[in-house]
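FYI, side chains are in, hydrogens and waters are out, and symmetry mates aren't considered; it's all heavy atoms of this structure. Here is how names work: the chains are called A, B, and so on, in the same order as the sequence lines, proteins then strands, and each is numbered from 1.
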There are 2 protein chains.
Amino acid sequence: MSVKIKDVAREANVSVATVSRVLNNIPLVNEETKKRVLDAIEKTGYKPNAIARSLKMQKTNTLGIMIPDISQAFYTNVVRGVEDVCNIYDYNIILCNTDSDAQKELKYFNVFIEKQCDGILFIGKSLKDELINQIAISKIPVVLGALTDSEDRIPSVSIDNEQASYDLTMHLIENGHKRIAFFDDEDETSFVGIERKKGYKRALESQGIAYRKEYVFDGKYSIKGGFDLMEELLKLEDLPTAVFALNDEMALGAIRKLEEKGLKVPQDMSVAGFNNFTVSEWLTPSITTIAQPMYDIGALCARMLIKMLDGHKDEVKSLYVPHKLIERESTSDIK
Amino acid sequence: MSVKIKDVAREANVSVATVSRVLNNIPLVNEETKKRVLDAIEKTGYKPNAIARSLKMQKTNTLGIMIPDISQAFYTNVVRGVEDVCNIYDYNIILCNTDSDAQKELKYFNVFIEKQCDGILFIGKSLKDELINQIAISKIPVVLGALTDSEDRIPSVSIDNEQASYDLTMHLIENGHKRIAFFDDEDETSFVGIERKKGYKRALESQGIAYRKEYVFDGKYSIKGGFDLMEELLKLEDLPTAVFALNDEMALGAIRKLEEKGLKVPQDMSVAGFNNFTVSEWLTPSITTIAQPMYDIGALCARMLIKMLDGHKDEVKSLYVPHKLIERESTSDIK
DNA sequence: CTGAAAGCGCTTACAG
DNA sequence: CTGAAAGCGCTTACAG
């Protein structure tokens, strides 16, 4: 059906070896022969079969990328960064959504191995042991994005989540808040969540403020999640004066619930988020948050992985990218 | 380095053919032999090489998907729908961002062909002629998502953009609005944009309202885009009483600009959007919009394409999925 | 500078 | 029920 290298060879009256050399820009080919081959390619409309090439070369120029859920704003920017860099270096990405589910992660990992991906980008909230084992066994190059490996067995590109969380909590404390609630991820195994909680605790401790378990709420990473959590929180006797939510979507939900109950943000309660969601600066009130350079995280991850594939495995080391506290209207000094 | 089918065969004392039969669940294999092979697979940690298999089978179980930009909320939901269906049928997706750029579209199309994708999903705002030619030449199955081909040469899954736009415009007219501005896509070749403008015009005409060119503004499909366009609009002598923006992000930007100028929405001006962006219902004011079933569009596209790949090409026909007008706070009766 | 041939890791028609 | 062998479409070491 489709035209193959053999057809081009016949058309140009050369061997397939010569056609291959022209295709791969190997210099030893006579200019005239080359021209004949090029004409034959043009004439036949030949397109190389990358699968055949990959089999021979043991290289697919394809990277596997796992993310929890592409429909979450945070990850889309990371993926865009990855793809742009891949485009530069002629790689393509196979994209999979894991929902942070261990089974799906292992399944997709196997798919990446079977489809001979040159490397894997793992974006997510935590790396499970079983997956680490599989990675070690297969020896496939992997880079983590937006999270780190606690033992740094696998290189990563991420913000320092503990420090970022500390910074945000300190900011609230400096504004006079002592009763600060924490809207956590319902997924307790989330490494990123754990790190952020550490930062929150460290900030409290550093200022001699007791950590109160009743101020920590686990919920969904969504607007509705924050909305529901605030409903819970408002049942407390001793209300917090500020809330630190693990993403801006949760923070927005929390704010809307407060408004629904006739409370004002930040006058009655300050609410801070995380990630600097695209719309956060446009909301009323706009949301105080920690910005992560999402696009850069993706781009750097991809560069790092490609560097490993180019044989510079030892030059690669884990990287913290800077986060930034953005103060907006949803938080203020305590009255 | 890695273990191959040959190694498994040696381990199990059978031929590679037998191993292959076990791997592919071909029934004619003796139970005991099968067990021996399975043990050998287990023991050696063998993972099939899908690239080799693809070369032989002329089938990669990989779909190419082109979208304008994964970092735009609308597309992420479509992609998630695609991926979920692909997961069910054991396909994977190679994802590419085209920025609706003709060069990138052609480049990626070639990549999909060379990498032997079984089919292609094209999500976007318009299909250029050159790409249609390439599709025709290559004969690769393609399905369009979120847009249609004006001549229906290629099957698609989409809302009826013209009708949706008509519905929304009619809604504004029924609320007493006669001076309705239209925030259009700056990309004039956008088929989706053209369709929506048709619907807008048809609604105006049907009510005997003259189409006024000065009420149509071209801008970026973003919050900032709407923000800037509203700045322009406010310079008009004869201000519109309502604005219809081609997405909710633009609508939000427009609303914020109005607020900045001390105008109230919807009291001073109604603003409607399109797509029902995740946050639209949570904004103040919440945004009147047309909801598209984005996830379903993606899922149906993928199902359609897979159906074509299964040899039911003739059963496949273009599909309109229902849109839904959602009335919220950003629009109201004219005072 | 060019070609014949081996081989990448699979699947399957054919023969037994 | 099982194996030997051809072939999928490339690349490249080797020979000339």
Side-chain angles (χ1 to χ4, degrees), chain A residues 1-38 40-41 44-62 90 110-118 138, chain B residues 1-38 40-41 44-62 90 110-118 138:
Chain A
M1 29 170 258
S2 73
V3 16
K4 297 155 218 164
I5 211 170
K6 212 177 183 179
D7 305 310
V8 177
R10 191 182 310 119
E11 181 69 31
N13 243 306
V14 295
S15 72
V16 294
T18 301
V19 176
S20 175
R21 291 193 186 99
V22 172
L23 286 169
N24 292 294
N25 264 312
I26 293 172
L28 342 150
V29 185
N30 178 298
E31 273 306 314
E32 202 203 326
T33 316
K34 184 170 176 178
K35 189 170 175 325
R36 230 166 53 237
V37 171
L38 256 14
I41 289 172
T44 55
Y46 170 74
K47 306 249 170 107
N49 180 326
I51 295 293
R53 180 162 212 277
S54 290
L55 178 59
K56 178 66 192 174
M57 304 293 277
Q58 308 279 46
K59 165 113 183 157
T60 55
N61 273 55
T62 301
D90 278 320
N110 268 318
V111 170
F112 291 162
I113 295 291
E114 295 188 0
K115 291 205 170 174
Q116 312 297 117
C117 289
D118 297 327
S138 74
Chain B
M1 29 170 257
S2 73
V3 17
K4 296 154 218 165
I5 211 170
K6 211 177 184 177
D7 305 310
V8 177
R10 191 183 310 120
E11 181 71 30
N13 243 306
V14 294
S15 72
V16 295
T18 300
V19 177
S20 175
R21 290 195 186 96
V22 172
L23 286 170
N24 292 294
N25 264 312
I26 293 172
L28 340 151
V29 186
N30 178 298
E31 272 308 313
E32 202 204 324
T33 318
K34 184 170 177 179
K35 189 170 174 326
R36 229 166 54 234
V37 171
L38 257 15
I41 289 172
T44 55
Y46 171 74
K47 306 250 169 107
N49 181 325
I51 294 293
R53 179 161 213 276
S54 289
L55 178 60
K56 179 68 190 172
M57 305 293 277
Q58 309 280 48
K59 165 112 183 159
T60 55
N61 273 52
T62 302
D90 278 322
N110 267 318
V111 170
F112 292 163
I113 295 292
E114 295 189 359
K115 292 205 170 173
Q116 312 296 117
C117 289
D118 297 327
S138 74

- prompt: Going by number, which of residues 111-118 of chain A have a non-hydrogen atom under 4.0 Å from DNA chain C?
  reply: none
query: Using a heavy-atom cut-off of 4.0 Å to chain B, what are the terminal contacting nucleotides of DNA chain D, in 5' to 3' order?
result: D:dC1 to D:dG9
message: With heavy-atom distances below 4.5 Å as the criterion, would you say the side chains of B:T18 and B:R21 are in contact?
response: yes
message: Counting C-beta onward and ignoring hydrogens, is there a side-chain heavy-atom pair between A:I51 and B:Q58 closer than 4.5 Å?
response: no
- prompt: Using a cut-off of 4.0 Å on non-hydrogen atoms, how would the nucleic acid contact of A:S54 be classed: base, sugar-phosphate, or nothing?
  reply: nothing
- prompt: Can you tell me if A:S20 uses its side chain to pair, donor with acceptor, with the backbone of A:V16 under 3.5 Å?
  reply: no
message: Checking A:T62 against A:K115: is there a side-chain donor and acceptor pair closer than 3.5 Å?
response: no
- line: Closest to the 5' end of DNA chain D, once B:N30 and A:R53 are matched to their nearest nucleotides, is B:N30
- request: Answer yes when B:D7 and B:K4 have at least one side-chain N-carboxylate O distance shorter than 4.0 Å, and no when they do not.
  value: no
statement: 5'-most contact on DNA chain C (nearest-nucleotide basis), B:L55 vs B:R21, goes to B:L55
Separation between the P atoms of C:dC10 and C:dC14, rounded to whole Å: 24 Å
message: Looking at C:dC14, which nucleotide sits across from it as a Watson-Crick or G-U wobble partner, both distances under 3.5 angstrom, or is there none?
response: D:dG3
query: Which part of the nucleic acid, if any, lies within contact of A:T18, taking any heavy atom under 4.0 Å across all strands shown: a base, the sugar-phosphate backbone alone, or nothing?
result: sugar-phosphate
Rounded P spacing from D:dA6 to D:dT2 in Å: 23 Å
message: For A:R53, run the side-chain hydrogen bond (donor to acceptor under 3.5 Å, both in side chains) check against A:N61, A:N24, A:T60 and tell me which one passes.
response: A:N24
task: Report yes if the side chains of B:V29 and B:V37 come closer than 4.5 Å at any heavy-atom pair, otherwise no.
output: no
- prompt: How long is the gap from OG1 on B:T33 to CG on B:N13, to the nearest 0.5 Å?
  reply: 11.0 Å
